*Asks:* 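I'd like to ask you about the structure that follows.
As the structure is a computational prediction, the values presented were derived from the model and not from experiment. Heads up: numbering here begins at 1 and tracks the sequence.
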Amino acid sequence: MIGGLIALLIDPSIMTQLGRGRRTVLITGTNGKSTTTRMTAAALGTLGPVASQADGANMDAGIVAALNAHRTAGLAAIEVDELHLPHVSDALQPAAVVLLNLSRDQLDRVGEINMIERKLRAGMARHPDTVLIANCDDVLVTSIAYDHPNVVWVSAGSGWSVDATSCPRSGEPIVWEGEHWRSTGADFHRPEPDWWVDEEHLYGPDGVKLPLHLALPGRANRGNAAQAVAAAVALGVPASVAAEATATVREIAGRYRSVQVGGHNARLLLAKNPAGWQEALSMIDPAATGLVIAVNGQVPDGEDLSWLWDVRFEHFEGTQVVAAGERATDLAVRLTYAGVEHTTVPDPLHAIASCPPGQVEVLANYTAFRDLNRDLEGVTA
């Protein structure tokens, strides 16, 4: 990001200049930004060259660096941190914005979630011509887009509703009736989706029904793909072409990849907040011989790890669970209260080695995941 940092110091308007003349899609949300950005870039790539971040650097300097590295690309798929979305939208005047989900993340940096919702709602109101690709299963995302004149609603799923038990507009309870929800204190309810998915297909406007066979696991990634396809279609990509393109995405900055470590085949999963942890835990292969959970508490992770107590850690019958990372002891206490039998091995590589030979699932938060990937380069080189 150093080039972007220096460019912004020299000329604060550089982002606007680099974005001029491009058709841009911005992708934001608490979870799934990097995956959905990669899928959107793959779909838009069927039209021509696309500017995008390769490393997920989603604040101003990273965005400027990505746009500068692809100056001739007429299209852009840009991942944006939630707090940065309003001013990045002002600078880039996007053709579309993908709103994935909104939940608690790094309380010591981001702050109270309803405040973020209000800021994003005001930011999007300044861009009435932008198409919002919004997840109607997420209450807070729906509130951001509800009054916008140009919305494509996608049923992308919401496995985490703890942060939206009350209406962000009236403060009254949200009532869930199956997959539908409504506020008891305002005219605010789940919109009918234009796009939705099941286990095999993607459905869209005018009777569209397409096979959707992804390389990435989990229900959340099917929702991510649905929003990526909807965004690409809004920019002119045929739906069938966009759906096929999303299936070419196999890993994102090391996420979901498998690495041979001695007698262990380790699959790496990243989770950064309660909603992301809950989704990642649902992807754990019950046939795995070991599960390593690695947690750090550095600044990029959020130094407050009290969110561990919000995650529903399950019992993993027949799987050896190992608590690892700089905050392995904090995690071990949480696992103890959850009734999960485990051992504690702070070094993630040693934790993998302590598992029985075979398939080992490795679930790590941000810096633990980053450091493990660095350490694995030396092991697997």
*Asks:* Starting from Leu5, can I reach Ile63 by hopping between I/L/V/M/F/W/Y residues whose side chains sit under 4.5 Å apart?
*Replies:*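 Different clusters: Ile63 never reaches Leu5 through Ile, Leu, Val, Met, Phe, Trp or Tyr contacts under 4.5 Å.
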*Asks:* Okay, side chain of Asp330, backbone of Leu305: is any donor-acceptor separation there less than 3.5 Å?
*Replies:*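 No; zero donor-acceptor contacts below 3.5 Å.
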*Asks:* If you draw a 6.0 Å radius around NE2 in His180, do more than 12 non-hydrogen atoms from other residues or ligands fall strictly inside?
*Replies:*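 Counting other residues, nucleotides and ligands, NE2 of His180 exceeds 12 neighbours.
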*Asks:* Measuring only between side-chain heavy atoms, which start at C-beta, is Ile14 closer than 4.5 Å to Leu8?
*Replies:*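 Side-chain contact under 4.5 Å: yes.
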*Asks:* Does a side-chain heavy-atom distance below 4.5 Å link Glu279 with Asn31?
*Replies:*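 No; the side chains remain at least 4.5 Å from each other.
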*Asks:* For Arg222, check side chain to side chain donor-acceptor pair (under 3.5 Å) against everything at least two apart and list the hits.
*Replies:*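 Result, side chain to side chain donor-acceptor pair (under 3.5 Å) vs Arg222: none returned.
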*Asks:* Sub-3.5 Å donor-acceptor pair from the side chain of Ser258 to the main-chain atoms of Asn265, do we have one?
*Replies:*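 Not at all, since once roles are kept as given, no pair shorter than 3.5 Å links the two residues.
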*Asks:* Do side-chain atoms of Asp310 reach the backbone of Pro274 as a donor and acceptor pair under 3.5 angstrom?
*Replies:*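 It does not hold such a pair.
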*Asks:* Donor-acceptor pairs under 3.5 Å, side chain of residues 224-243 to any protein atom, not counting sequence neighbours: which ones?
*Replies:*
| from | atom 1 | to | atom 2 | distance (Å) |
| --- | --- | --- | --- | --- |
| Asn224 | OD1 | Thr36 | OG1 | 3.4 |
| Asn224 | ND2 | Ala220 | O | 3.4 |
| Asn224 | ND2 | Asn221 | OD1 | 3.1 |
| Gln227 | NE2 | Leu99 | O | 3.1 |
| Gln227 | NE2 | Ile133 | O | 3.2 |

*Asks:* Check the pair Val80 / Leu26 against side-chain contact (heavy atoms from CB on, under 4.5 Å), numbers first and verdict last.
*Replies:* CA-CA 6 Å; Val80 186; Leu26 303 182; 3.9 Å; yes
*Asks:* Identify the two heavy atoms, one from His70 and one from Ala51, that lie closest to each other, and give their separation to 0.1 Å.
*Replies:*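 Between these two residues, the closest heavy atoms are CB-CB, 3.5 Å.
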*Asks:* Under 3.5 Å, side chain of His201 to main-chain N/O of Leu212, donor-acceptor pair present?
*Replies:*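 It does not hold such a pair.
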*Asks:* I'd like to check Pro49 versus Leu75 (side-chain heavy atoms, cut-off strictly below 4.5 Å). Are they in contact?
*Replies:*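 Of all side-chain heavy-atom pairs linking Leu75 with Pro49, none is under 4.5 Å.
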*Asks:* Applying a strict under-4.5 Å side-chain criterion to I, L, V, M, F, W and Y, I'd like to know whether Val295 and Ile284 cluster together.
*Replies:*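 In one cluster: yes.
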*Asks:* If only atom types and distance count, is the side chain of Asn68 paired as donor or acceptor with the main-chain N or O of Gly4 below 3.5 Å?
*Replies:*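 Side chain of Asn68 to backbone of Gly4, a donor-acceptor pair under 3.5 Å: no, none is there.
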*Asks:* Are Arg118 and Ser143 linked by a side-chain donor-acceptor pair shorter than 3.5 Å?
*Replies:*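 Distance-only check fails for Arg118 and Ser143.
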*Asks:* Taking the side chain from Arg190 and the backbone from Trp181, do they hold a donor-acceptor pair closer than 3.5 Å?
*Replies:*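 The answer is no, because no donor-acceptor pair under 3.5 Å joins these two groups.
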*Asks:* Applying salt bridge (Lys or Arg N to Asp or Glu O under 4.0 Å), which residue pairs with at least one partner in residues 200-214 are found, sequence neighbours left out?
*Replies:*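 Salt bridge (Lys or Arg N to Asp or Glu O under 4.0 Å) check on residues 200-214 returns no pairs.
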*Asks:* Cluster question for you: counting only ILVMFWY and a side-chain heavy-atom cut-off of under 4.5 Å, with indirect links fine, are Leu214 and Trp196 together?
*Replies:*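 Shared cluster, no.
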*Asks:* Just by distance, do the side chain of Asn101 and the backbone of Thr30 share a donor-acceptor pair under 3.5 Å?
*Replies:*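 Yes, because the side chain of Asn101 sits within donor-acceptor range (under 3.5 Å) of the backbone of Thr30.
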*Asks:* Could you note down all residue pairs passing salt bridge (Lys or Arg N to Asp or Glu O under 4.0 Å) where residues 32-53 supplies at least one of them, sequence neighbours left out?
*Replies:*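 Residue pairs with at least one partner in residues 32-53: Lys33-Glu82.
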*Asks:* Considering residues, nucleotides and ligands other than Arg126, do more than 12 of their heavy atoms fall under 6.0 Å from its CZ?
*Replies:*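 More than 12 heavy atoms, drawn from other residues, nucleotides or ligands, come within 6.0 Å of this atom.
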*Asks:* Is there a donor-acceptor pair under 3.5 Å between the side chain of Asn373 and the backbone N or O of Phe369?
*Replies:*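 Yes, Asn373 side chain to Phe369 backbone: donor-acceptor pair under 3.5 Å.
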*Asks:* If you measure from the Lys or Arg side-chain nitrogens to the Asp or Glu carboxylate oxygens, is any gap between Asp301 and Lys272 under 4.0 Å?
*Replies:*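 No, this pair does not count.
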*Asks:* Any side-chain heavy atom of Val362 sitting closer than 4.5 Å to one from Ile352?
*Replies:*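 Side chain of Val362 against side chain of Ile352, heavy atoms only: contact under 4.5 Å found.
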*Asks:* When you measure from the side chain of Glu326 to the backbone N and O of Ala328, does any donor-acceptor pair fall under 3.5 Å?
*Replies:*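 No, because the side chain of Glu326 does not come within donor-acceptor range (under 3.5 Å) of the backbone of Ala328.
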*Asks:* Could you pull out the closest heavy-atom pair between Trp176 and Val139, with the gap in Å?
*Replies:*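 That closest heavy-atom pairing would be CZ2-CG2, 4.0 Å.
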*Asks:* Filter on salt bridge (Lys or Arg N to Asp or Glu O under 4.0 Å), then keep only pairs touching residues 18-28, sequence neighbours left out; what's left?
*Replies:*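 Every candidate salt bridge (Lys or Arg N to Asp or Glu O under 4.0 Å) pair involving residues 18-28 fails, so no pair, neighbours aside, qualifies.
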*Asks:* Can you sort out the partners of Arg169 under salt bridge (charged side-chain N to carboxylate O under 4.0 Å, His left out), two or more places apart, ordered by chain and number?
*Replies:*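 So Arg169 forms a salt bridge (charged side-chain N to carboxylate O under 4.0 Å, His left out) with Asp147.
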*Asks:* Looking at CG of Leu363 and CD1 of Ile293, how far apart are the two atoms once the value is rounded to the nearest 0.5 Å?
*Replies:*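 The CG atom of Leu363 sits 6.0 Å away from the CD1 atom of Ile293.
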*Asks:* Please name all residues satisfying side chain to side chain donor-acceptor pair (under 3.5 Å) with Asp347, sequence neighbours left out, ordered by chain then number.
*Replies:*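 Side chain to side chain donor-acceptor pair (under 3.5 Å) list for Asp347, sorted by chain: empty.
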*Asks:* Is any side-chain heavy atom of Leu132 less than 4.5 Å from a side-chain heavy atom of Val152?
*Replies:*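 Sidechains of Val152 and Leu132: no contact.
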*Asks:* Supply the atom-to-atom distance Leu83 CG to Met115 CE, rounded to the nearest 0.5 angstrom.
*Replies:*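 One gets 7.0 Å once the value is rounded to the nearest 0.5 Å.
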*Asks:* Ignoring hydrogens and angles, tell me if any N or O in the side chain of Gln53 forms a donor-acceptor pair with the backbone of Glu79 under 3.5 Å.
*Replies:*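 Here the side-chain-to-backbone pair exists.
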*Asks:* Leu270, Val259: one ILVMFWY side-chain cluster at the under-4.5 Å cut-off?
*Replies:*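 Both belong to a single hydrophobic cluster.
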*Asks:* Applying side chain to side chain donor-acceptor pair (under 3.5 Å) as the test, list every pair that has at least one member in residues 286-297; sequence neighbours left out.
*Replies:*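 Qualifying pairs: Asn296-Thr367.
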*Asks:* Are any non-hydrogen side-chain atoms of Leu92 and Met15 less than 4.5 angstrom apart?
*Replies:*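 Of all side-chain heavy-atom pairs linking Met15 with Leu92, at least one is under 4.5 Å.
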*Asks:* Starting from the C-alpha separation in whole Å, work towards a yes-or-no answer on side-chain contact (heavy atoms from CB on, under 4.5 Å) for Val98 and Thr28.
*Replies:* CA-CA 6 Å; Val98 176; Thr28 197; over 6 Å; no
*Asks:* How far does NE2 of His213 sit from CG of Leu202, to the nearest 0.5 angstrom?
*Replies:*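 Output value for this atom pair is 11.5 Å.
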*Asks:* Using side-chain contact (heavy atoms from CB on, under 4.5 Å), reason through Ile174 and Thr165 one step at a time and then give a plain yes or no.
*Replies:* CA-CA 5 Å; Ile174 292 289; Thr165 55; over 6 Å; no
*Asks:* Between Trp307 and Trp277, does the ring centre distance come in under 6.0 Å?
*Replies:*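 Yes.
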*Asks:* Could I get the full list of side chain to side chain donor-acceptor pair (under 3.5 Å) partners for Ser13, not counting sequence neighbours?
*Replies:*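 By the side chain to side chain donor-acceptor pair (under 3.5 Å) rule, Ser13 matches Asp11, Gln17.
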*Asks:* Taking everything shown except Tyr256 itself, do over 12 heavy atoms lie less than 6.0 Å from its OH?
*Replies:*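 Yes, because the 6.0 Å sphere around OH of Tyr256 holds more than 12 heavy atoms from other groups.
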*Asks:* Test of understanding: with side chain to side chain donor-acceptor pair (under 3.5 Å), list the residues that count as partners of Asp60, not counting sequence neighbours.
*Replies:*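 Applying side chain to side chain donor-acceptor pair (under 3.5 Å) to Asp60 gives His84, His87.
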*Asks:* Under the side-chain contact (heavy atoms from CB on, under 4.5 Å) test, which residues partner Ala42, sequence neighbours left out?
*Replies:*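 Partners of Ala42 under the side-chain contact (heavy atoms from CB on, under 4.5 Å) test: Ala245, Thr248, Val249.
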*Asks:* Does the side chain of Glu172 come under 3.5 Å of the side chain of Ser166 through a donor N or O and an acceptor N or O?
*Replies:*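 Glu172 vs Ser166: no donor-acceptor pair found between side chains.
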*Asks:* Does any non-hydrogen side-chain atom of His148 lie less than 4.5 Å from one of Asn150?
*Replies:*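 Asn150 vs His148: side chains touch.
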*Asks:* Can you find a heavy atom in the side chain of Trp153 that is under 4.5 Å from one in the side chain of Thr142?
*Replies:*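 SC-SC contact between Trp153 and Thr142 confirmed.
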*Asks:* Once salt bridge (Lys or Arg N to Asp or Glu O under 4.0 Å) is applied, what residue pairs with a partner in residues 282-300 remain, sequence neighbours excluded?
*Replies:*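 Output for this query is empty, none listed.
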*Asks:* Quick one: do Gln320 and Ser354 satisfy side-chain contact (heavy atoms from CB on, under 4.5 Å)? Show the steps, please.
*Replies:* CA-CA 9 Å; Gln320 181 172 324; Ser354 74; 4.1 Å; yes
*Asks:* In this structure, would Met283 and Tyr366 fall into the same cluster of hydrophobic residues linked by side-chain contacts under 4.5 Å?
*Replies:*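 Different clusters.
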